[in-house]
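Input: a single structure, listed below in structure tokens.
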2 protein chains.
Amino acid sequence: MAGGHKETPGGEREGSPRVSSVSHLTLNRLSFYLRCLRSLQSEEVQRISSKELANRYHLSASQIRKDLAQFGEFGIRGVGYDVAQLIEHLSDLLGLERLHRMIIVGMGNLGSALACYFGFNSGAFRVVAGVDRDPAKVGASLCGFTIGHTDDLAKEVRRSRAEIGILCVPAEAAQSTYDELVAAGIRGVLNFSPIRLRPVENVAHKDVDLRIHLEELAFFLKEPLPAD
Amino acid sequence: MAGGHKETPGGEREGSPRVSSVSHLTLNRLSFYLRCLRSLQSEEVQRISSKELANRYHLSASQIRKDLAQFGEFGIRGVGYDVAQLIEHLSDLLGLERLHRMIIVGMGNLGSALACYFGFNSGAFRVVAGVDRDPAKVGASLCGFTIGHTDDLAKEVRRSRAEIGILCVPAEAAQSTYDELVAAGIRGVLNFSPIRLRPVENVAHKDVDLRIHLEELAFFLKEPLPAD
DNA sequence: AGATGTGAATGAGTTCACAGCT
DNA sequence: AGCTGTGAACTCATTCACATCT
């Protein structure tokens with residue numbers, strides 16, 4: 001087996017040989033903390049302790065501290081954390097201080113939806129291009145860009161200066177499209193197709209398998225309802 | 001899932017002891033194994049050892065065996081696993097033997113896309129209903145059902161006999177809509193809204209936060225590309 | 001022999017508990 | 001006093017190694 005990267009088959013696998021090894025669990029929590037802090041800021045809260053943050057959002061205080069301490073001393077002992085400052089630090093840490101341009105490959109149901117999805121077009125993220133194989137779709141405009149043809153993928157990536165590719169093509173096309181994206185110089189890929197990609201060095205990579213989430217739910221629905 | 005790792009999807013009550021204490025990591029792997037096995041079956045492979053399965057799909061042989069052994073002795077020592085039999089066992093185990101009817105709440109970009117998404121309308125899953133607050137959307141037909149009004153949520157759930165709710169409403173509406181779904185008798189919820197729901201006993205529950213995946217990617221894009 | 005199933009060892013991730021700073 | 005930051009304890013998850021079965 002090649003380099004020892006940890007994998008969670010079918011669910012989230014996370015790419016790139018990591019130099020600074022932060023677990024994706026920690027990263028996800030940091031993202032979540034950031035969201036909480038923004039909410040607090042809008043409520044004009046200026047300082048917060050790990051304990052209160054934990055109470056408000058059902059988190060663990062010691063875990064908040066551990067997570068943050070990994071990256072420096074952001075808090076003030078005896079006081080807590082400065083909300084604005086911590087937002088600043090976390091945004092910086094997560095790479096959210098600049099805009100990330102994204103291209104969607106495969107403008108089917110899911111691709112089209114994501115192109116206009118608020119979560120993909122707010123804050124540090126923006127969908128700036130999209131391509132599809134189907135000539136009938138090419139040329140259509142939606143949510144701020146005009147759909148190009150998948151044959152021009154590399155050109156579209158360069159033109160739009162996208163650094164993240166959102167892969168929404170069917171399973172059969174996923175690996176080849178991924179390789180094209182990488183060849184075009186993409187730096188990160190969010191893969192919605194239900195297959196495992198052969199990942200490339202130095203390209204960040206995240207699988208999101210929507211079906212698998214349903215199957216997880218199904219497992220719990222199978223269990224007999226405890227009639228209490 | 002946003003932060004916590006200790007999520008307890010569904011009210012954890014003692015039903016079958018071994019069934020209720022399966023980690024979601026294991027469950028996701030089982031789903032993935034099942035997919036691999038189906039692919040093998042379509043290639044007419046009849047028997048496979050954990051080692052070969054692992055090699056083919058970049059998994060860990062001992063983990064495959066551990067995962068499966070949790071639920072019984074499905075293999076034949078000295079031989080391997082019977083593909084068809086194991087598919088049967090896994091489908092059964094994951095509750096994929098019967099159809100799961102689903103209702104989408106919030107027919108915006110994402111909701112509409114999921115309604116017609118293949119992964120949500122194949123195998124054991126089918127979207128059978130959808131509702132929205134916007135009267136302009138109510139009455140429209142797509143992908144096999146007619147959009148109802150969110151005010152009639154409980155009625156729609158009953159009429160369509162949906163057991164899973166797909167929550168695609170904005171953050172503000174998420175908690176109240178969740179509560180309505182639960183009151184309407186829904187048994188599982190897949191939550192795409194970016195907030196943490198206060199979960200209810202005995203309702204299976206899974207958060208899928210698409211934005212957080214982007215933020216995870218952004219972190220790796222921020223890092224200096226390792227030259228090693 | 002050859003592969004499973006499983007206790008034991010290792011490793012990852014989380015919580016505890018407290019030293020040390022404000 | 002109060003709260004952070006952190007080593008140590010603990011829990012959960014994966015890998016190893018081998019006894020066990022075909």
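Letters A, B, ... are given to chains in the order of the sequence lines, protein chains preceding strands, and every chain is numbered from 1. All values below come from the heavy atoms of this structure, side chains included, with hydrogens, waters and symmetry mates left out.
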Does [N] have its OP1 or OP2 closer than 4.0 Å to a side-chain nitrogen or oxygen of [X]?
X       : N      : result
B/Arg29 : D/dT14 : yes
B/Ser60 : D/dT15 : yes
A/Tyr81 : D/dG2  : no

Seminar exercise, completed: On a heavy-atom basis, the closest approach of B/Ala54 and B/Ser60 is CB-C, 3.9 Å
Exercise. Looking only at heavy atoms, which two atoms of A/Tyr33 and A/Leu68 are closest? And how far apart?
Worked result: CD1-CD2, 4.5 Å
Exercise. Does NZ or CZ of B/Arg196 fall inside the cone over A/Phe32's six-membered ring, less than 6.0 Å from its centre and within 45° of the axis?
Worked result: yes
Could you tell me the separation between the [atom1] atom of [X] and the [atom2] atom of [N], rounded to a whole number of Å?
X       : N      : atom1 : atom2 : value
A/Asn28 : C/dG13 : CG    : C1'   : 14 Å
B/Gln70 : D/dT14 : CD    : P     : 10 Å
A/Leu30 : C/dG13 : CG    : P     : 13 Å
A/Leu27 : C/dG13 : CG    : C1'   : 14 Å
B/His24 : D/dA13 : NE2   : C1'   : 11 Å
B/Leu25 : C/dA12 : CG    : C1'   : 11 Å
B/Gln63 : C/dA12 : CD    : C1'   : 13 Å
B/Phe74 : D/dT22 : CZ    : P     : 17 Å

Exercise. Just wondering, are more than 12 heavy atoms of other shown residues or ligands nearer than 6.0 Å to CD in B/Glu44?
Worked result: no
For this session: Look at atom CZ of B/Arg101 and say whether more than 12 heavy atoms of other residues, nucleotides or ligands are closer to it than 6.0 Å.
Result: yes
Exercise. Have A/Ser23 and A/Thr26 got a donor and an acceptor in their side chains that come within less than 3.5 Å?
Worked result: yes
Exercise. Just checking, any donor-acceptor pair under 3.5 angstrom between side chains of B/Tyr178 and B/Asn191?
Worked result: no
For this session: Would you classify B/Ser23 as touching base, sugar-phosphate or nothing, given that sugar-phosphate means primed atoms plus P, OP1 and OP2, and contacts are heavy atoms under 4.0 Å?
Result: sugar-phosphate
Exercise. Hey, which of B/Leu53, B/Ile87, B/Ile64, B/Ile48 is the one that makes side chain to side chain contact (heavy atoms under 4.5 Å, CB included) with B/Cys36?
Worked result: B/Leu53
Problem set entry | N-O pairing of B/Arg211 and B/Glu216 below 4.0 Å | no
Exercise. Any Lys/Arg nitrogen of B/Arg56 or B/Glu43 sitting under 4.0 Å from an Asp/Glu carboxylate oxygen of the other?
Worked result: yes
Exercise. Under a 4.5 Å cut-off applied to non-hydrogen side-chain atoms, are A/Ile164 and A/Ile186 in contact?
Worked result: no
Exercise. Going by heavy atoms in the side chains, are A/Phe120 and B/Leu210 under 4.5 Å from each other?
Worked result: yes
Exercise. In terms of the nearest nucleotide of DNA chain C, which residue is placed more toward the 5' end: A/Asp67 or B/Leu68?
Worked result: B/Leu68
Do any N or O atoms of the protein come closer than 3.5 Å to N or O atoms of nucleotides 20-22 of chain C, and which pairs are they?
residue: C/dT22; atom: O4'; partner: A/Arg77; partner atom: O; Å: 3.0

Problem set entry | Residue B/Arg65, side-chain atoms from C-beta onward, closest of C/dT14, C/dT6, D/dG5 | C/dT6
Exercise. Looking at five pairs on each end of the helix from C/dA1-D/dT22 to C/dT22-D/dA1, what is the angle between the two axes, given to 10 degrees?
Worked result: 0°
Exercise. Near DNA chain C, under 4.0 Å by heavy atom, which residues of residues 43-55 of chain B?
Worked result: B/Ser49, B/Ser50
For this session: Decide yes or no, distance alone: a donor-acceptor N/O pair under 3.5 angstrom between the base of D/dT15 and the side-chain of B/Lys66.
Result: yes
